[in-house]
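Side-chain atoms are counted along with the backbone in the values below, which use heavy atoms only and exclude waters and symmetry mates.
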Amino acid sequence: MRNVRISVDTDRCVGAGQCVLSLPEVFDQDDDGIVSVIGAPAGAADRDAARQATVICPSGAITVHED
């Protein structure tokens, strides 16, 4: 199994919320709509959803790092 770490560039985030909709166990938004990482992907399906979040993020603020 690969280790997955997620980072977000809060300066790039536009608050679209697509990441939260796709994986609410991992992503959240603050009162201004800016993304934060609140957890780690728990299994293969969550890792796939995290990778998908990088694709659907309109600002490209999410990066998935895999070891």
Side-chain angles (χ1 to χ4, degrees):
M1 180 185 339
R2 297 181 124 165
N3 290 324
V4 174
R5 183 176 53 86
I6 300 170
S7 62
V8 295
D9 184 343
T10 56
D11 291 331
R12 289 183 76 169
C13 180
V14 296
Q18 296 302 306
C19 55
V20 177
L21 291 173
S22 67
L23 195 55
E25 301 83 10
V26 173
F27 299 105
D28 198 3
Q29 289 175 286
D30 65 15
D31 291 339
D32 295 321
I34 303 302
V35 67
S36 62
V37 177
I38 59 169
D46 282 356
R47 288 191 298 276
D48 289 343
R51 287 184 207 97
Q52 183 64 22
T54 68
V55 174
I56 63 175
C57 178
S59 64
I62 301 168
T63 304
V64 175
H65 309 272
E66 298 186 59
D67 299 333

N/O donor to acceptor pairs below 3.5 angstrom from side-chain atoms of residues 15-29, sequence neighbours left out:
unit_1, atom_1, unit_2, atom_2, d
Ser22, OG, Gln18, O, 3.3
Ser22, OG, Cys19, O, 2.9
Gln29, NE2, Gly15, O, 3.3
Gln29, NE2, Gly33, O, 2.8

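- Considering all non-hydrogen atoms of both residues, Ala61 and Arg12 come closest at CB-CB, 4.0 Å.
- Distance alone, capped at 3.5 Å, is enough to place a donor-acceptor pair between the Asp30 side chain and the Asp32 backbone.
- Note that CD1 of Ile6 and CD of Glu66 are 9.5 Å apart. Values are rounded to the nearest 0.5 Å.
- Side-chain contact between Cys13 and Val8 is absent, with no heavy atoms from C-beta onward closer than 4.5 Å.
- The cluster map of Ile, Leu, Val, Met, Phe, Trp and Tyr, joined by side-chain heavy atoms under 4.5 Å apart, puts Ile62 and Ile34 in different clusters.
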